[in-house]
Amino acid sequence: MSTVEPGRPIRVIVADDQPLIRSAIRIMIEAHDDLTLVAEASDGRELLAIADAHPADVVLMDIRMPNLDGIAATRQLLAAHAGVRVIVLTTYDIDEYVVAAIRAGASGFLLKDVSAGQLAAGIRSVHAGDSVLAPHAVAILTSFARRTAETADAEVLLAPFTPRERDVLLALATGASNEVIGRRLFLTGNTVKTHIKAILAKLDVPDRIHVLIWAYENRLVGPGTGGRAVDARSGVVGVLGQEPPTS
C-alpha cells in the first residue's frame, strides 16, 4: 500500500477516453488540497506508459476505452505497480463489469454520477487501504461469490492465521468496520489495523472487499452458513452486515 508523506497530497491519474469527464475530474481534484492530479490518459495503453513516468497512488479507471479497456489495463497496471490502488469509474453497473473489475484487482467500483465529495472520499478511502463500492456492486459481488462458491475445509483455510487473526478475518467476512471489529473483539483501533494488514498479506489480496469475496468463495460465509462467518474452532462470528445480539 502506498503512503502519503507528511504534506504530500494523494497522487491521482485519471484514465478516460472522454475529455469532458477528465476535465470534470481535474476540477474536482483541484478543489482538494490533499489530492493532486499528476496525469491524464485517454486509453488503457496510454495509461500504462504514463504510470511508468508518473508515480501515482490512485488511478480512476474507465472501462470502455479504445486500444486497451479498463479491466485489462487494471490487471496490467497492478502487475507492474503493486502499490497503486484502482477505482473503476464507469457509466455502467453491469454485473460482468463489477466482477471483472474486482477480480482484476480494483479496490473500488463507482458510477460516474457519484458526487464530487463522494469521489474525493473514495480516493482517500482506497488509499488508506479500504474499498469503495457503489451499493449495487456489493450485491453483485456477493451474488457472484455465492454462485461460484466451493466447499472447503475451514480448518485448512484458516490454518495460516493466528487465533486472533482468525477472529478479525471472520469479523471482516461479516462486513464489519474496524470500529465494530474492535468493539466486538475488545481490541484497539491500531491492533485491528495490525491484524488486518497481516491478513491481507497472508491472503495476498489488496483490501477488505477481496477478503469478503474470498470468504464467500470458500463458503466461510453465504449459503449453508445462514449468511454467517464460520469459525472452524467455535462455529459462528456475526451475521453479514449486522451486529451480533448483545444479549
Side-chain angles (χ1 to χ4, degrees), residues 10-31 35-127 130-145 147-148 205-207 209-210 212-213:
I10 299 171
R11 301 166 299 188
V12 180
I13 293 177
V14 56
D16 197 295
D17 62 339
Q18 298 182 48
L20 185 61
I21 295 296
R22 299 200 304 271
S23 177
I25 291 174
R26 184 190 319 119
I27 292 170
M28 180 279 293
I29 288 176
E30 289 174 350
L35 307 177
T36 183
L37 187 66
V38 297
E40 301 177 22
S42 60
D43 62 58
R45 202 168 301 283
E46 183 181 11
L47 166 70
L48 296 177
I50 286 174
D52 289 336
H54 298 275
D57 302 302
V58 177
V59 171
L60 301 178
M61 184 83 74
D62 188 22
I63 288 182
R64 291 187 172 183
M65 295 186 292
N67 298 320
L68 189 69
D69 66 61
I71 303 301
T74 294
R75 189 176 297 110
Q76 294 182 36
L77 173 72
L78 297 180
H81 303 277
V84 177
R85 313 301 298 281
V86 173
I87 297 176
V88 167
L89 192 61
T90 180
T91 307
Y92 314 94
D93 65 342
I94 299 171
D95 292 18
E96 290 79 6
Y97 285 174
V98 177
V99 173
I102 300 304
R103 289 210 146 199
S107 297
F109 189 100
L110 295 174
L111 298 181
K112 287 180 180 177
D113 62 359
V114 70
S115 72
Q118 289 171 326
L119 182 56
I123 292 170
R124 298 184 188 107
S125 181
V126 299
H127 184 260
D130 290 327
S131 303
V132 56
L133 296 171
H136 185 48
V138 177
I140 290 171
L141 286 171
T142 53
S143 175
F144 171 80
R147 295 196 306 269
T148 59
V205 297
D207 49 53
I209 192 62
H210 289 84
L212 182 59
I213 294 169

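From a predicted model like this one, the values you see are computed outputs, not experimental measurements.
- Annotation for His127 and Val58: closest pair CB-CG2, 4.0 Å, computed over non-hydrogen atoms.
- Rounding to the nearest 0.5 Å places CZ of Arg11 at 13.0 Å from CG of Leu35.
- Residues satisfying the salt bridge (Lys or Arg N to Asp or Glu O under 4.0 Å) criterion with Arg22, sequence neighbours excluded, are Glu40.
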For residues 46-54, please give each side-chain donor-acceptor pair under 3.5 Å, one per line with the distance, not counting sequence neighbours.
from, atom 1, to, atom 2, distance (Å)
Glu46, OE1, Ser42, N, 2.8
Glu46, OE1, Ser42, OG, 2.6
Asp52, OD1, His81, NE2, 2.9

Would you mind writing out the side-chain donor-acceptor pairs for residues 12-20 within the sub-3.5 Å range, not counting sequence neighbours?
from, atom 1, to, atom 2, distance (Å)
Asp16, OD1, Gln18, N, 2.8
Asp16, OD2, Lys112, NZ, 2.8

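- We find the OG1-CG distance between Thr91 and Asp62 to be 6.5 Å, quoted to the nearest 0.5 Å.
- Residues Tyr97 and Ile71 approach most closely at O-CD1, 4.1 Å, considering heavy atoms.
- Taking every heavy atom of both residues into account, Leu119 and Ile25 meet most closely at CD2-CG1, 4.5 Å.
- Taking the side chain as every heavy atom from C-beta outward, Glu30 and Leu37 never approach each other to under 4.5 Å.
- Among all heavy-atom pairs drawn from Met28 and Ala120, the shortest one is SD-CB, 4.0 Å.
- Across all their heavy atoms, Gly70 and Thr74 have their closest contact at O-OG1, 2.7 Å.
- Paired with Leu110 under the rule side-chain contact (heavy atoms from CB on, under 4.5 Å), one option of Val88, Thr90, Leu133, Leu89 passes, and it is Leu89.
- Here Arg45 pairs with nothing under the salt bridge (Lys or Arg N to Asp or Glu O under 4.0 Å) rule; sequence neighbours left out.
- By the salt bridge (Lys or Arg N to Asp or Glu O under 4.0 Å) test, Arg64 is found to be paired with no residue, residues two or more places apart in sequence or in another chain being considered.
- Not counting sequence neighbours, the partners of Ser131 by the side chain to side chain donor-acceptor pair (under 3.5 Å) test are Asp207.
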Check: What do the steps show when you test Leu78 against Val86 for side-chain contact (heavy atoms from CB on, under 4.5 Å), and what is the final call?
Finding: CA-CA 8 Å; Leu78 297 180; Val86 173; 4.0 Å; yes

